[in-house]
There are 2 protein chains.
Amino acid sequence: MTNLGDLEIFARVVSTGSMSAAGRTLGFSPAVISKRIKRLEDRLGTRLLQRTTRQISLTEAGQGFYDRVLGILTGIEEAEAYASGRSSQAQGVLRISAPTSFGRMHIAPHLTGFMKDHLDLKLHIVLTDDFTDIVADGFDMAVRIGELTDSSLVARKLAPVRRLLCASPDYIARNGAPTEIGDLARHFCLPAHNNDNWKLEGPEGSLVWHPEGPLVTNSSEIVRAAVIAGAGIALRSTWDIGPELRSGQLVQVLPQWEGSKNLTLSAVYPSRQFLPAKVRLFIDYLATLYGPVPYWEQ
Amino acid sequence: MTNLGDLEIFARVVSTGSMSAAGRTLGFSPAVISKRIKRLEDRLGTRLLQRTTRQISLTEAGQGFYDRVLGILTGIEEAEAYASGRSSQAQGVLRISAPTSFGRMHIAPHLTGFMKDHLDLKLHIVLTDDFTDIVADGFDMAVRIGELTDSSLVARKLAPVRRLLCASPDYIARNGAPTEIGDLARHFCLPAHNNDNWKLEGPEGSLVWHPEGPLVTNSSEIVRAAVIAGAGIALRSTWDIGPELRSGQLVQVLPQWEGSKNLTLSAVYPSRQFLPAKVRLFIDYLATLYGPVPYWEQ
DNA sequence: TGCCATTGTTTCCGAAATGGAAAAGCTCAA
DNA sequence: TTGAGCTTTTCCATTTCGGAAACAATGGCA
């Protein structure tokens, strides 16, 4: 059967994009990398990597093999951690992908609290608003906001996401508050990235509103700043503007309407028989942190 | 990182129950087995096997490690099969556990049909009525009849299980047919193994009947023979007595009552990200064979 | 266009590992 | 008590492994 070292080397070559780079990070000479990749391909009877001297790309078989190998390697890691008696302790590196705004506001501040309980654990956190392929990119888990769809992943709900219409008191004083949904047409609305149609639910059922306003941006951070500065009405998540609502910097408008409810904040991870302790513990930590009623809702 | 051969050797030692036996099946001398088990334990810092010279048993850490290693090994097998270009073809050995009666009557006759389409595949079929731990015992999948509960396994429904009350015409001629449920008290009933209370659903809702009769056995085959021979009334699955009902060897009694409906025939397998082709294909084969309406119901 | 740095591949050689035979120590059953 | 069968250790031959060096190929840059 295949040598395990070959699988590690293959995975590293793919993740670094070059044999030489893989050799450097693993402490091998390029010659070794080349020979073992070749051996692996010979044994499988398939070409895994398409290579020129300057560039390496995965063949189709290589891509599928890579996906599987990643799972195998983390499986071995988990099995070793289990047997080493630290089955219930987090160790190694936990690689997390999370949305930028939410990560900055509601994950980053709590990391130290988690890390002090798990001294053997290193955290790698990547904030991005792309829906990365967590398995191909080598993440252990991701925090996501959205509707739960992806089939090959397991999702654990962390908290509901409530989205409200809000504006600054200043803006209301100048423009008045809308009293019914149609009034929005006479207001400045602030759509955000991927959010240029607002799915709302209210007393009369649900509808989709196409907000129009003077500001278009792909940055929800800019929208956030704008609504606080009094530029208009925005549909924002409670985790985003909870403190401003409490302090009075923002007030809710049209409180009978809320954003569609099928959004959830969830942790997703590749489906495995044995979840690594580090992943389980971190998700548990987030779940108790946010649940049952998130602190930003209180 | 751990050598893969060590994991294979460890798994084989556990499954054969001895180092020497593992060595014989793998083609190694006992010395090698011993050394590599020791090396594995040293690397993990844990004792995996408790051993005397005559007997070997798993420690707790060893048990958990073994469960994980099995998953890893089949994962590697699957990854190799995928990369070898035969991703959609079944190859290797498919190990199946199935209930004795059902296996004999409705799996065994169809095996050749499956095997002629998959010449690279070997089948290992174990018929048993124990609910074995399929992962610990090294099965790829099992066919089961029952309520779906086990959490760490994935179940795919193959067919519903209908159970009817039946007797031979001969018996009816001698004893008359019951017309309402209470009449059963005046009849010979034939309970089977694990089936000494009959959960029935009928026009008046559901009830549990405790059958009493002259024959008690743990063999549903004996019950089957007895009811055909005219010994009494039994609650049997349609897959078991379909032909007899059609041929008139048996007739249904109290047709307004049926066994509780929450039994299903299903295929179960360990949850994995990548299901081996051999498992997927065999389950597909059974599903099309039995569904949507099983041939024994027609 | 031509140069050059970087990358992948091959060859050869010393070093490390692997596997086996033999011997020793042990346990259980006859 | 004996003997068969098991695990473990030791020692040695063999295989495998990793690296240096030489070579070939590619693409960026002047």
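Lettering of chains follows the sequences in order, A, B, ..., and the numbering in each one begins at 1. Only heavy atoms go into these numbers, but all of them, side chains included; no hydrogens, no water, no symmetry mates.
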Between C1' on C:dA16 and CZ on A:Phe28, what's the gap in Å once rounded to a whole number?
13 Å
Could you go step by step and tell me if B:Lys38 and B:Asp6 meet the salt bridge (Lys or Arg N to Asp or Glu O under 4.0 Å) rule?
CA-CA 10 Å; B:Lys38 176 167 162 38; B:Asp6 292 2; over 6 Å; no
Out of D:dG18, C:dG8, D:dC11, minimum distance to the side chain of B:Lys35 belongs to D:dC11
Report the nucleotide, chosen from C:dG19, C:dT10, C:dG8, that has the shortest atom-to-atom distance to any side-chain atom of A:Ile56.
C:dG8
C:dG8 P sits how many Å from A:Arg12 CZ, rounded?
15 Å
When all nucleic acid strands are considered with a 4.0 Å heavy-atom cut-off, which category describes A:Asn3: base, sugar-phosphate, or nothing?
sugar-phosphate
Select one nucleotide: of D:dT9, D:dG18, D:dT8, the one nearest the side-chain heavy atoms of B:Arg51.
D:dT8
From C-beta outward on B:Arg24, which listed nucleotide comes closest to its side chain: C:dT9, C:dT7, D:dC6?
D:dC6
I want to check one thing: is the phosphate of C:dT6, taken as OP1 and OP2, less than 4.0 Å away from some side-chain N or O of A:Ser20?
no
Nearest nucleotide by nearest heavy atom, which residue falls closer to the 5' end of DNA chain D, A:Val32 or B:Pro30?
B:Pro30
Give the rounded distance in Å between these two atoms: CG of B:Leu40 and P of D:dT7.
16 Å
Compare all side-chain heavy atoms of A:Leu70 with those of A:Thr74 and state whether any distance is below 4.5 angstrom.
no
Under 4.0 Å, heavy atoms only, any strand: does B:Ile33 hit a base, just the sugar-phosphate, or nothing?
nothing
Quiz item: cation-pi between B:Arg68 and A:Tyr82, 6.0 Å / 45°
yes
How close or far is atom C1' of D:dG19 from atom CD1 of A:Ile9, stated in whole angstroms?
13 Å
So A:Gly27, base contact, sugar-phosphate only, or nothing? Heavy-atom distance under 4.0 Å.
sugar-phosphate
Quick check: on DNA chain C, is the nucleotide nearest A:Lys38 upstream (toward 5') of the one nearest A:Gln55, or the reverse? Name the residue that is more 5'.
A:Gln55
Any side-chain heavy-atom pair from B:Leu94 and B:Lys122 closer than 4.5 angstrom?
no
Round to a whole Å and report the spacing from CG of A:Asp42 to P of C:dT9.
11 Å
Is there a side-chain polar atom (N or O) of B:Ser29 under 4.0 Å from OP1 or OP2 of C:dG20?
yes
Between D:dC17 (P) and A:Ile37 (CD1): distance, integer Å:
14 Å
Is the Lys NZ or Arg CZ of B:Arg95 less than 6.0 Å from the centre of B:Phe139's six-membered ring, within 45° of the axis?
no
Does D:dT8 have OP1 or OP2 sitting under 4.0 Å from an N or O in the side chain of B:Ser34?
yes
Side chains of B:Met141 and B:Ile283 in contact at under 4.5 Å (non-hydrogen atoms)
yes
What is the separation between atom CG on B:Leu49 and atom C1' on D:dT8, rounded to the nearest whole Å?
14 Å
Counting side-chain heavy atoms from C-beta on, which of C:dA21, D:dG18, C:dG8 comes nearest to A:Met19?
C:dG8
Indicate whether OP1 or OP2 belonging to D:dG5 is found under 4.0 Å from a side-chain N or O atom of B:Ser18.
no
Between D:dG18 and A:Arg36, is there an OP1 or OP2 to side-chain N/O distance shorter than 4.0 Å?
yes
